[in-house]
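As structure tokens, the structure follows; a few thoughts come after it.
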Amino acid sequence: MPALYERDLAAVASVLHLRFYPLATTSGSGPWLVEEGGRRLLDLTAAFGAAGLGYAHPAVAAAVTKAAGEMAGVSALMGATPETVGFAEELLALLPGGTDRRVYIGHAGTDANTAAIRAARAATGRSRVLTFGGSYHGGLGESQGVSGVYVSGGLRPEPGLAQVPYPYPYRPHAFVDSLLADVLGRVDAELSTGDVAMVMVEPVTNDGGVIVPPDGFLAGLRERCDRHGTLLCADEVKVGLGRTGTLHAFEADGVVPDVLTLGKTLGGGLPLSAAVLPAEVDAAAEGQILLTTIGNAVCTAAGRAVLSTIVTEQLWTRAAVLGERFLAGLRAVAERHPLVGDVRGRGLTIGVELVTDRATKAPATLETALTVFRAFELGVLVDYVGPDSNVIELTPPLVLTEEEVDLAVQVLDAALGDVESGQVPEDAIARYRGW
Ligand SMILES: Cc1ncc(COP(=O)(O)O)c(C=O)c1O
């Protein structure tokens, strides 16, 4: 185990651990991290998506250095700075439709979603929120209390929380139609009570197992929200800003949500998130979230550099192309490995589901943790998600090259082979709790 990792264990609280292997790195560049000792690791997690532009992106580094040197202000609570206002204006310009909107600027996806929930409750006078099974919206407060993964794990839900299964379409087509109708029917039943303030949905749900819903899901939600006077919030904290092959993930279904939340990629590695709210919804919740350093000039400068890089380089197009290459490569790998039950994704959010039996899809939970560990040993970082912890999750930086995609596929192929042939001992993962 690296010395730096040992020091981490002795000094950093485990309350923040989400560890899959002993990762200890001293620098990074693009999709690569460098370990203590110099070994290079190809990071296909992008730190759960937070390094969406890769590490040490030159535009982010320059913007942050300049803003830190000028430090026009450190709290949007007290007043305006050019960076804060510019960030909000530039983000608003990227949203379709002429709606009058305002940007809550936050530190993490968690507080952006909490802002959305509080504002929706205040604006509608309704208390309930509807979310989906397997969803992840945050690790604290209201956002945690509406998250399917926590609620199914025993956490006390937000009062009145309505939960409906996320449509899981990996079945024959006829079933998908009835599945979608069933899910939307349940949504209808909940919304018709008239007390649901907002539906919060991930356009692709990652932590629940990297599930791409059937076409028409978001459009169906849009129609029902309109009918029942309920706000629709797209939580694009993980999959927004180009990852799915369009600038906004909601574009895939041709709808526009009332509320959009963003994070991770948005900060270029710094803590930055956003909840874009209709102006009248925002106005109902004035002063309801007060975190002192929100909107500081350094993080918002990083956000402006991220937005301009994504738009200038049209990185969503790159994500679409690389995603197809990844899926094709991984599907070829799947043919060689009985462990692989499914390969799925949209753009650069990809899941590889491991099973002990392809017919029953029985989850290969242990083998998944071993494969992720072995990939780390072979120089590639991935993690795993899903209710049975059996889906290898790939959310690489959008700046990956074709050659890096091919290298990653080769390494995952080798890691799967090593696990299938029993070369990775179980005790290798004993210290890593994972997801
Ligand atoms: C869809 C989604 N929403 C919200 C969050 C919470 O973001 P953060 O961890 O930055 O608070 C996450 C984090 O994984 C997420 O995947």
Side-chain angles (χ1 to χ4, degrees), residues 18 20 45-46 48-50 109-110 113 117 129-140 142-155 157-158 161-171 175-176 179-180 182-184 186-187 190 199-215 217-218 220-221 232-240 243-244 249-250 252-253 257 261 263-264 341-355 361-365 368-369 372 382-395 433-435:
L18 180 48
F20 302 87
T45 72
F48 309 118
T110 297
N113 282 330
I117 292 168
V129 174
L130 186 148
T131 61
F132 294 87
S135 59
Y136 189 93
H137 300 295
L140 288 170
E142 287 96 318
S143 300
Q144 187 175 33
V146 301
S147 290
V149 292
Y150 283 116
V151 171
S152 61
L155 182 105
E158 274 291 291
L161 177 69
Q163 281 236 307
V164 169
Y166 197 84
Y168 180 89
Y170 309 109
R171 297 284 188 279
F175 181 77
V176 171
L179 170 80
L180 190 55
D182 177 43
V183 167
L184 292 174
R186 291 188 199 203
V187 171
E190 294 287 356
V199 171
M200 181 173 272
V201 63
E202 294 165 80
V204 173
T205 188
N206 269 53
D207 294 339
V210 189
I211 301 167
V212 181
D215 292 345
F217 176 47
L218 290 186
L221 294 179
L232 178 63
C233 171
D235 175 350
E236 301 203 3
V237 168
K238 197 159 198 174
V239 298
R243 180 163 297 287
T244 58
F250 61 72
D253 236 6
T261 56
K264 301 205 187 239
D342 193 26
V343 174
R344 54 183 179 252
R346 177 174 282 164
L348 283 178
T349 189
I350 294 173
V352 181
E353 182 175 339
L354 301 195
V355 296
K361 286 203 156 196
T365 302
T368 306
V372 165
V382 286
D383 59 82
Y384 54 83
V385 291
D388 297 307
S389 299
N390 72 321
V391 180
I392 299 175
E393 179 190 43
L394 280 63
T395 52
R433 207 164 148 262
W435 177 246

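Since the structure is predicted, the reported quantities are computational estimates derived from the model, not experimental observations. Along the sequence shown, residues are numbered consecutively beginning with 1.
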I'd like to know if the side chain of T395 reaches the main chain of T349, judged simply by a donor and an acceptor atom lying under 3.5 Å from each other, with no hydrogens or angles considered. no
Checking L180, V212, I211 against P169 for side-chain contact (heavy atoms from CB on, under 4.5 Å), the one that qualifies is I211
Taking E236 for its side chain and F250 for its backbone only, find out whether a donor-acceptor pair lies under 3.5 Å.
yes
Exam field: side chain S143 to backbone G139, donor-acceptor pair closer than 3.5 Å: no
Smallest heavy-atom separation, L155 atom then G145 atom, equals CD2-CA, 3.9 Å
Shortest non-hydrogen pair, G341 vs K361, comes out as O-CE, 4.3 Å
Backbone N/O of F48 and side chain of K264: donor-acceptor pair under 3.5 Å = yes
Side chain proximity check, P165 to R186, heavy atoms < 4.5 angstrom:
yes
Contacts of Y136 meeting ring pair (Phe, Tyr, Trp, His ring centres under 6.0 Å) (sequence neighbours excluded), chain-then-number -> Y150, W435
Salt bridge (Lys or Arg N to Asp or Glu O under 4.0 Å) filter on E353, not counting sequence neighbours, yields R344
Item to check | Note, T261 side chain near C233 side chain (heavy atom, < 4.5 Å) | outcome: yes
What one should report as the nearest heavy-atom pair of G351 and V210 is N-CG1, 3.5 Å
- prompt: Checking T205 side chain against E202 main chain: does a donor-acceptor pair fall under 3.5 Å?
  reply: no
query: Should N206 and V385 count as side-chain neighbours, where that means a heavy-atom distance under 4.5 Å?
result: no
Counting N and O atoms only, with roles assigned by atom type, does the side chain of T368 sit under 3.5 Å from a partner on the main chain of A364, one being a donor and the other an acceptor? yes
Sorted by chain and number, sequence neighbours left out, salt bridge (Lys or Arg N to Asp or Glu O under 4.0 Å) with D207 holds for K238
Practice problem: Determine, stepwise, if the pair V199 / F132 fulfils side-chain contact (heavy atoms from CB on, under 4.5 Å). | Solution: CA-CA 9 Å; V199 171; F132 294 87; 4.0 Å; yes
Heavy-atom closest pair (V149 atom, G134 atom, distance to 0.1 Å) is CG1-O, 3.5 Å
Practice problem: Might you work through the side-chain contact (heavy atoms from CB on, under 4.5 Å) test for L394 and L348, ending with a clear yes or no? | Solution: CA-CA 7 Å; L394 280 63; L348 283 178; over 6 Å; no
Over 60° means perpendicular and under 30° means parallel, so classify the ring planes of Y166 and F217, tilted if in between. perpendicular
Worked verdict on E158 versus V129 for side-chain contact (heavy atoms from CB on, under 4.5 Å) | CA-CA 8 Å; E158 274 291 291; V129 174; over 6 Å; no
Which of L354, I392, T45 passes side-chain contact (heavy atoms from CB on, under 4.5 Å) with V372? It is I392
Q. Distance-only, no hydrogens or angles: does the T131 side chain make a donor-acceptor pair with backbone N or O of M200 under 3.5 Å?
A. no
Rounded to the nearest 0.5 angstrom, the NE2-OG1 distance for H137 and T110 is 11.0 Å
On a heavy-atom basis, the closest approach of R346 and P213 is NH2-O, 4.5 Å
Only one of L130, V187, D235, L218 passes side-chain contact (heavy atoms from CB on, under 4.5 Å) with V201, and that residue is L218
